[in-house]
Amino acid sequence: KKSTFGFAMPGASGRNKREQIGIVDHEPLEEDEEYQTAELTTEDKIRNARGDITNTQDNTTDMLDDIIGQGAETNKKLYAQGEQLRRARNDMQDIKENNEIAQEQLEKMELCCCVAIFISCCCCCCAKEKKPVTKRKDVGLGAGEEERRKNERERVQKLRKVNEAKRRADGLKNAEDLDEKERFEAVADAQLDIMNAQLDVVGDLIKVQKEELDRQKKDVLNPLDKEIDVNRAQIKALDRRGKNLLNR
């Protein structure tokens, strides 16, 4: 539409273009219609928020499952490490026993009049009373095995509770007798039960790890450290006495 002077009337071109691309100007909404639109938007936001909360809880339970798996694997490695350390300590006690036997032989040779031929054949060799050799005290492979089995049985029982809570949550997600709000609240509670059960398992794993490390430190590492020092000193003393005997 043009004015008397041949120019297009303001707004006419814009309305024509909007109509060409399918945009139609509606009449203003009545008050009730505006309220209904706003109410639907709020419901959508609430629904999205519920979905985000559910997804966050699912991710948390997945992460806790990973932590449980890693913790169980760590415990197995700790048990294996404990057995290796106990074998090392038994070997160290064998070395100490051999050192004492060598020391006794050196003492005989130092007193023997026939040391030049390295044969204990005279009376001074035979008269000397033989010292008792310190027998090895077996550290005990598999120490704490019964306690480990008990811990494992307890862990299995608690993992069953985790699985039961998961099955309950899965059933609630598909419950048709609940409306959306009731279903969300029920699932959220069930997921909290899952996480509590998982955290209980994680706590037990940490406790077992601490106990195993304390056991290894007390029963193996500290005594092993002392035995290494004793064996080192014995070997040095044997080496020195052996050289002095040869240089006599």
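Hydrogens, waters and symmetry mates are skipped; everything else that's a heavy atom, side chains included, is used. Predicted model only: the values in this text are computed from it and were never measured.
- Every salt bridge (Lys or Arg N to Asp or Glu O under 4.0 Å) that K173 has, sequence neighbours left out, goes to D58.
- From R215, atom CZ reaches atom CZ of R86 across 6.5 Å, with rounding to the nearest 0.5 Å.
- Note: E212 CD to N75 CG = 8.5 Å, rounded to the nearest 0.5 Å.
- Take R241 and apply the side chain to side chain contact (heavy atoms under 4.5 Å, CB included) test, not counting sequence neighbours, and it matches Q103, L106, E107, E110.
- For the pair R148 and V208, the minimum side-chain heavy-atom distance is 4.5 Å or more.
- Think of L224 as one node in a network of Ile, Leu, Val, Met, Phe, Trp and Tyr side chains linked at under 4.5 Å; its network also takes in M92, I95, I228.
- Applying the side chain to side chain contact (heavy atoms under 4.5 Å, CB included) rule to I235 yields the partners N99; only residues at least two apart in sequence or on another chain are considered.
- Pairs passing the salt bridge (Lys or Arg N to Asp or Glu O under 4.0 Å) check and including a residue from residues 66-81, sequence neighbours excluded, do not occur.
- Between I68 and L159, some side-chain heavy-atom pair lies under the 4.5 Å cut-off.
- Every residue meeting the side chain to side chain donor-acceptor pair (under 3.5 Å) condition with R232, not counting sequence neighbours, appears here in chain and number order: D229.
- Rounding to the nearest 0.5 angstrom, the gap separating the CG atom in L192 from the CG atom in L199 is 10.5 Å.
- Between K96 and E227 there is no salt bridge, since none of the side-chain N atoms of the basic residue sits less than 4.0 Å from a carboxylate O of the acidic one.
- The shortest side-chain heavy-atom distance between D204 and N151 does not fall under the 4.5 Å cut-off.
- Screening K158, K161, K207 against D200 for a salt bridge (Lys or Arg N to Asp or Glu O under 4.0 Å) leaves a single residue, K158.
- Shown here are the side chain to side chain contact (heavy atoms under 4.5 Å, CB included) partners of N48, two or more places apart in sequence or in another chain: there are none.
- Scored by the side chain to side chain contact (heavy atoms under 4.5 Å, CB included) test, E182 finds L178, D179 as partners (sequence neighbours excluded).
- A 4.5 Å side-chain heavy-atom check between D214 and K218 finds every atom pair outside the cut-off.
- When hydrophobic residues (I, L, V, M, F, W, Y) are linked wherever their side-chain heavy atoms come within less than 4.5 Å, the members clustered with I53 are F184.
- Remark: E152 pairs with R155 by the salt bridge (Lys or Arg N to Asp or Glu O under 4.0 Å) rule, at least two apart or across chains.
- Residues E154 and Q157 are not in side-chain contact: their nearest non-hydrogen atoms beyond the backbone lie 4.5 Å or more apart.
- By the salt bridge (Lys or Arg N to Asp or Glu O under 4.0 Å) test, K166 is found to be paired with D65, residues two or more places apart in sequence or in another chain being considered.
- For D52, there are no salt bridge (Lys or Arg N to Asp or Glu O under 4.0 Å) partners at least two apart in sequence or on another chain.
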